[in-house]
Amino acid sequence: VVVYTKRGCPLCEGIVAHLEELQPHVGFLLEKRYIEENADWATLYRYEVPVLAGFTPDGREIEIPRPSPRASGVFLMRWLRKHYFEKLAESLGSTGADLFSPQVILAAAAP
């Protein structure tokens, strides 16, 4: 999962923190891309950060709609499943049903 962000953006920092909390439970890679470091990203996302995206194995970018800034835990995990992981599974020829087991969801919801 890629987060297009910029320094000093409270919404960006919040979504990154929530994604970092999920990482140990789900096992996805998280990359922060600072739009100030790339002119194309700055032009595309200047007024949109944070922007979430993921990639298929062949390198195609899948934009992930931005969840509520208050989204965390189970809600954020379900959001990622619906808007990214299921699309990724489809691109790999899977149903996506095995992406999150009940144990993973409960572990992510634990305080």
Side-chain angles (χ1 to χ4, degrees):
V1 174
V2 173
V3 180
Y4 291 95
T5 183
K6 64 181 177 182
R7 289 173 181 79
C9 168
L11 290 176
C12 302
E13 293 165 1
I15 196 73
V16 167
H18 291 311
L19 289 169
E20 288 173 340
E21 289 172 9
L22 287 179
Q23 267 187 302
H25 305 291
V26 182
F28 59 88
L29 298 176
L30 180 62
E31 178 183 351
K32 295 180 274 186
R33 293 184 177 177
Y34 294 96
I35 65 169
E36 308 93 322
E37 297 174 2
N38 182 297
D40 292 335
W41 299 341
T43 300
L44 285 171
Y45 304 125
R46 178 177 305 143
Y47 303 111
E48 303 295 325
V49 292
V51 173
L52 304 178
F55 292 88
T56 63
D58 64 1
R60 286 183 298 118
E61 186 169 304
I62 299 173
E63 189 167 331
I64 303 168
R66 183 172 35 197
S68 164
R70 295 182 180 165
S72 62
V74 173
F75 179 87
L76 185 55
M77 186 180 309
R78 288 181 179 152
W79 186 267
L80 287 174
R81 179 180 182 174
K82 177 180 179 183
H83 296 285
Y84 175 51
F85 294 115
E86 287 181 358
K87 291 178 183 178
L88 180 61
E90 287 172 13
S91 77
L92 299 172
S94 172
T95 64
D98 57 343
L99 293 172
F100 295 112
S101 68
Q103 294 80 10
V104 170
I105 292 174
L106 290 173

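Residues Leu88 and Pro57 form a side-chain contact, since some pair of their non-hydrogen atoms from C-beta on lies under 4.5 Å apart. Counting only heavy atoms from C-beta outward, the side chains of Phe28 and Gln23 approach each other to under 4.5 Å.
No option in Tyr34, Tyr47, Tyr45 other than Tyr45 meets the ring-ring contact (aromatic ring centres under 6.0 Å, His included) test with Tyr4.
Annotation: the span from Trp41 atom CH2 to Lys6 atom NZ amounts to 15.5 Å, rounded to 0.5 Å. One distance of note links CD of Glu86 with CD1 of Ile62; it measures 11.5 Å at 0.5 Å rounding. A distance of 11.0 Å separates NZ of Lys32 from CD of Glu37, quoted to the nearest 0.5 Å. Rounded to the nearest 0.5 angstrom, Thr43 OG1 and Arg46 CZ are separated by 5.5 Å. From Arg66, atom CZ reaches atom CH2 of Trp79 across 10.5 Å, with rounding to the nearest 0.5 Å. To the nearest 0.5 Å, the span separating CD on Glu36 from OG1 on Thr5 amounts to 7.5 Å.
Nearest heavy-atom pair, His83 versus Lys87, reported as atom, atom and distance to 0.1 Å: O-CD, 3.6 Å. The minimum heavy-atom distance linking Leu22 with Gly73 is given by the pair CD2-O, 3.8 Å. In terms of heavy-atom proximity, His18 sits nearest to Ala71 at CD2-O, 3.1 Å. Shortest non-hydrogen contact noted between Pro50 and Val3 is CB-CG1, 4.2 Å.
In the displayed structure, Arg60 atom CZ is contacted under 6.0 Å by at most 12 heavy atoms of other residues, nucleotides or ligands.
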Just list the side-chain donor-acceptor pairs under 3.5 Å for residues 8-17, sequence neighbours left out, or say none.
none

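Using a 4.5 Å cut-off between side-chain heavy atoms of Ile, Leu, Val, Met, Phe, Trp and Tyr, with links allowed through other members, Val51 and Val1 fall into different hydrophobic clusters. In the hydrophobic cluster analysis, where Ile, Leu, Val, Met, Phe, Trp and Tyr join through side-chain heavy atoms closer than 4.5 angstrom, Val26 is grouped together with Phe75. Taken together through direct or relayed side-chain contacts under 4.5 Å among Ile, Leu, Val, Met, Phe, Trp and Tyr, Val49 and Val2 form part of one hydrophobic cluster.
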Please report the C-alpha distance between Leu19 and Leu52 in whole Å, then the side-chain angles of each, then the deciding distance to 0.1 Å, and finally whether the side chain to side chain contact (heavy atoms under 4.5 Å, CB included) criterion is met. CA-CA 11 Å; Leu19 289 169; Leu52 304 178; 4.0 Å; yes
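For Pro24, there are no side-chain contact (heavy atoms from CB on, under 4.5 Å) partners two or more places apart in sequence or in a different chain.
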